[in-house]
Amino acid sequence: MDKTTTSLADDLQDLQLDRPTEGLKSTEELEKLTVDEQLSDIERAVYLLSSGQEVQRISVIHNLPDLLRDTESHDECMRRVVPKVREVLYVAQTEMQLAASSAFLQILQKNLVPIQNYTQTFLQTILNSVDARDPDVASAWLETLLDVIDLLPKDIIKKEILNIAIAKGQLSQTVYSRLSCCKILGKIATKFEPFVIKKEILPVVQSLCQDVDYEVRGCMCRQLDCVARGLGLEPTKSAILPELVELTNDEEGFVRTAGLETVVSILSLLDEDTCNNTIIPLVCKFCQQAMQNEDSTLPVVAKQLGRLAHGLQVHLTDEQKQWFVDYYRKLCKVGLSPERGKNTKEVESDQSKVTDMPQNEEDDQCLECRKNAAFNFPAMFVFVGPKHFKVDLLGIFSSLCKDPNSQVRKTVASGFHEVTKLLGSQVHILQHDLINLLKDDSVDVLRGILTNIVDILDSFLGSSSSNHTLSEAKMNSLGEVIPAILASDEVVSSFNNWRLQEELMTSLASLTQCCSNEVLYTKVIPVLFNKLKTARALPVRHTCARSSLIIIRTLKKLEQREELVYRLVTEFCHGRSCHQRSLFIDICKFVIELYSKTFFKKYFYEVVLELHKDPVPNIRLRLCSLLPPLKRLIKLPTDRNLLQQLDLCVRKLLVAEKDRDVQNAIKVAVEELDKIHVQMESLSRRMLFEQDLVDQKKEDEEKLLIELEERDQKREEEAAEKKKGEKRNSVTSALAKKGDNGSKIPGPRKGSKNLAVSGTTSPNTSTKDVQNRIGKNSIAKSKSTNSLSQIPRRGKTIAENIGKPDSPKPIRSKIPAAKVKPQPNYDSGKKDSTVSKSMPNKALPRLSRLPLYSSQPNLHSSQSSGGKSPIGRACKPSLAPKPSGGAGLKKTPVSRLSRLPLYNSNPDLCSERLREAGPIRGQPRAQRVRQQDRLRYQGSCSPLRSTAGPRECRN
């Protein structure tokens, strides 16, 4: 332990920054680097180029374009500084040479010097430096020369560069000079007319194609495309094609590879006869030799096969097309065992078993060949066409998705979105392969597929995603893809690649277009909320928060949206960790960006202001930066309360804050708050700015979600009611088919139409028959209280049936009974003959057991029955005129009671009159009977039951 402690102390001692290091400049060196500040820019540049250090000279060369840009010092710079720079470059080191090559190119690109001056000064330096001894310096100046040729006019190129290039291409020159000649000739070939090229350049080109060095032959072969385009078709067929055919058959693989690449480049220039007679046989022969030898040219063939097939597609026959397809299949299986090639189902039956094969067990060329073949799969798909894809390429595509090497699978995954776009409506056949790639254990494969997962899902959804309308069939087709995307988060999280995690969380926001509301709420949202709490990288948390808010905004149910907002507030704003509360401030910023002002003020405004009481200073510090945006959301006079809360929060921070950083932040926030003018609703309606229009659009979208939810609920209720109605109708129709004997409701008989329609009895039908019919069929009492059939009849049969003490309650009849015309008056002195005839000397029914009937049920007072109708249903408030004065009615003598109306809808009034009339017991029997008869027809007999009790009425 002591030894370890001592070594640790020594290490800490070495890390002390106070100790001077050996890399610092001494005082003498600092004096040499010091320059008089009174010198002008031109004088300082000349002084530093003459006697300055290497670093100072490089600085002057880097600033040379800036010196030439100044119009005042331009001429003096060209006269004094540029010659000094050219003089210094002769003996300069590599770093200064590289700086000069870059500066000279910038001068021409920015047109800081006229072309003639540039040719006389800078171009000559470039041409002389191309032959430098240092290969790095020579290569840098050669690249500068090639870039300069594109910017120079052809007369200067012909005069200054062409002759030098031809001289460099002589066989007596070095290999590097001949290589430079090849590149220069290829660059200037497109600048001249065909006859100039044929006379001046073509002989040198043919000589370099026959050079003894294979590098020169290969370099010149790659420039034949430019030379052929400068010459035209006919000279190319006679002069360039023979050389190209010979180069493709060269003994060196480097030259043959260059020849194949040149063939691919000039396909668009050649005509049909040349392709059919020369190019197609040449390509087929080249591919067969590469497959037989399995040399270095095979990966190049696999890389260029897509361009070859696409370029020659018009000129190929069906047999030749099938040959290219079969050859591509072989390329996709190069390096795999024959058993794997024959049975692709055995290739990685379980995705968890896929592991990269060791490098010593698999040839690099075979691996490169399969990678290039996977890269060219979209091109081969275009070559085959969607109709033949399932037969020709689907199997080989699945084998590439299950290749044992992760680099091949990564290449397929990177181009998966291109294949899905080309397939169109048949994209569902790739769903199994997509799921396999999403379940891959390699993070490189997941990166390739997740980067373009949004485009892939759009292809699976088809054109419906643009209209935001998805059918249930398409949603169900992605039922296995969505869980695979969510499950890939486990593999991605196991690696310390936070950028890939960020891409995955970003892609989850696009699932709103392809998932149902329940899938988003039950599967996607839990993954995002879990990632919000567990992710280590802050960008990943921010992406999760943003994706969560985007998905919450699209949920159709208001209850779910409010629940998730409540979780954000409780778990983050009121969370125990300061990191969660800090993240809540970022969430509020995203809400302000994505949602309307009304939504934020409703759910987040007051909550986020509570963070000014947070015990952690960093939370209060971050809240200060959010205060100005909060004030911009306020509109007066509606949000006056929110403005007062904001002012109170700012005052508390100004008065009670003790942390120095928070104090400074709140002061800055107060200054910005003072500059913000609070909007007024009246003004905002007249003058709508762009931000207001955007906010209004967001608010309309949020209101639309609520309206759609209400419509859906209404439709569901209507559907349920319709279903019940259909069920009721089916039951009624079934009962009607059974006939009159099986129906509980008797149909109308012949001669009784008036009874069924108008509710009156037929002349041939007696009241007794009607009552017997009602009693036999046990009809339930009607719920309608507006029927006169419920007025108690004064017939003999009814009195006998209802007046029995043990008889059940009167049932509701669905058949309207005969109407009874009320008598206008009853004379208190005479006996009514009608009453005496219809009511014989028998016991009448007890009034306490009669139901409360009324001819006008809607005029019942809600006070007498507690807001309920006599049959248990809610009734409307009484429309009867209330007595004026509030002291009740005037006392009416008993002799005047006969003049009252027979029907009274107000039972309270009936009770009042009964009390005013005095007790019945002290009156004569005849007068007492007539009074009871009148009170029975005045709307309700409940007061009579409560006042006089049940009595028997006799004549």
Side-chain angles (χ1 to χ4, degrees), residues 14-130 132-134 136-141 143-145 147-148 151-152 660-661 664-665 667-668 671:
D14 294 338
L15 292 174
Q16 289 182 1
L17 300 177
D18 296 335
R19 179 186 301 176
T21 59
E22 298 179 357
L24 297 179
K25 300 292 183 182
S26 62
T27 305
E28 297 178 357
E29 292 176 341
L30 290 176
E31 291 178 357
K32 291 180 181 180
L33 296 173
T34 304
V35 181
D36 189 2
E37 296 180 358
Q38 297 180 356
L39 296 177
S40 62
D41 294 338
I42 301 298
E43 293 176 351
R44 185 184 301 109
V46 173
Y47 173 76
L48 293 177
L49 289 172
S50 302
S51 58
Q53 300 290 325
E54 184 75 13
V55 179
Q56 293 174 324
R57 292 179 180 179
I58 294 174
S59 176
V60 172
I61 293 175
H62 277 304
N63 294 328
L64 184 60
D66 296 332
L67 293 175
L68 292 173
R69 188 180 292 109
D70 191 0
T71 55
E72 296 180 358
S73 60
H74 180 273
D75 296 337
E76 187 177 1
C77 179
M78 288 294 297
R79 182 167 50 85
R80 297 181 59 184
V81 179
V82 174
K84 201 68 176 177
V85 171
R86 297 178 61 189
E87 180 182 349
V88 171
L89 288 177
Y90 285 108
V91 293
Q93 299 297 325
T94 303
E95 191 173 356
M96 187 181 296
Q97 295 280 357
L98 297 177
S101 64
S102 177
F104 286 8
L105 179 61
Q106 291 181 21
I107 292 172
L108 183 60
Q109 289 175 342
K110 297 177 181 179
N111 295 325
L112 300 178
V113 177
I115 296 296
Q116 296 297 331
N117 295 344
Y118 188 88
T119 303
Q120 297 174 2
T121 54
F122 299 102
L123 183 58
Q124 299 302 322
T125 304
I126 294 173
L127 293 173
N128 295 332
S129 302
V130 169
R133 294 181 179 179
D134 190 347
D136 295 334
V137 175
S139 177
W141 283 111
E143 295 297 329
T144 302
L145 177 61
D147 293 335
V148 166
L151 302 174
L152 293 176
R660 184 182 303 173
D661 297 331
N664 297 333
K667 291 179 181 177
V668 174
E671 294 178 358

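The shown structure was predicted, so the numbers you read here are calculated from the model rather than taken from an experiment.
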* Asked: Hey, is NZ on K667 packed in by over 12 heavy atoms from elsewhere, all under 6.0 Å?
  -> no
* Asked: Is the backbone of F104 close enough, under 3.5 Å, to the side chain of Y118 for a donor and an acceptor to pair up by distance?
  -> yes
* Shortest non-hydrogen contact from R86 toward Q120 -> NH1-O, 3.9 Å
* So, does N117 use its side chain to make a donor-acceptor pair with the main chain of V113 at under 3.5 Å? -> no
* Do any N or O atoms from the side chain of S59 and from the backbone of V55 form a donor-acceptor pair under 3.5 angstrom? -> no
* Asked: Rounded to the nearest 0.5 Å, how far does SG of C77 lie from CG of D41?
  -> 10.0 Å
* Are the side chain of Q56 and the backbone of Q53 linked by a donor-acceptor contact shorter than 3.5 Å? -> yes
* Closest heavy-atom contact between R44 and E37? -> NH2-O, 4.0 Å
* To do: Work out which heavy atom in S50 is nearest to a heavy atom in R57; give both atom names and the distance.
  => O-NH2, 3.6 Å
* To do: State, with a plain yes or no, whether a side-chain heavy atom of L123 is found less than 4.5 Å away from one of L108.
  => no
* Asked: If only atom types and distance count, is the side chain of S102 paired as donor or acceptor with the main-chain N or O of A99 below 3.5 Å?
  -> no
* Structure fact -> So CD1 of I42 and CD of E72: to nearest 0.5 Å the spacing works out to 11.0 Å
* Asked: Do you know the tightest heavy-atom contact between A138 and A132?
  -> CB-O, 3.7 Å
* With the side chain counted from C-beta on, respond yes when S129 and V137 share a heavy-atom pair under 4.5 Å apart, and no when they do not. => no
* Give a yes or no on this: more than 12 heavy atoms of other residues, nucleotides or ligands lie within 6.0 Å of atom CD of Q124. => yes
* CG on N111 to CG on L151, rounded to 0.5 Å -> 8.5 Å
* Structure fact -> Output for pair (R80 CZ, D75 CG), nearest 0.5 Å, gives 13.0 Å
* Could you pull out all residues at least two apart from E87 that satisfy side-chain contact (heavy atoms from CB on, under 4.5 Å)? => K84
* Asked: Shortest non-hydrogen contact from L49 to V88?
  -> O-CG2, 3.8 Å
* Structure fact -> Rounded to the nearest 0.5 angstrom, the CZ-CG distance for F122 and L64 is 5.5 Å
* Asked: Do any N or O atoms from the side chain of Q97 and from the backbone of L89 form a donor-acceptor pair under 3.5 angstrom?
  -> yes
* Asked: If you round to the nearest 0.5 Å, how far is OG1 of T144 from CG of L127?
  -> 11.5 Å
* Taking the side chain as C-beta and beyond, is there a heavy-atom pair between D70 and H74 under 4.5 Å? -> no
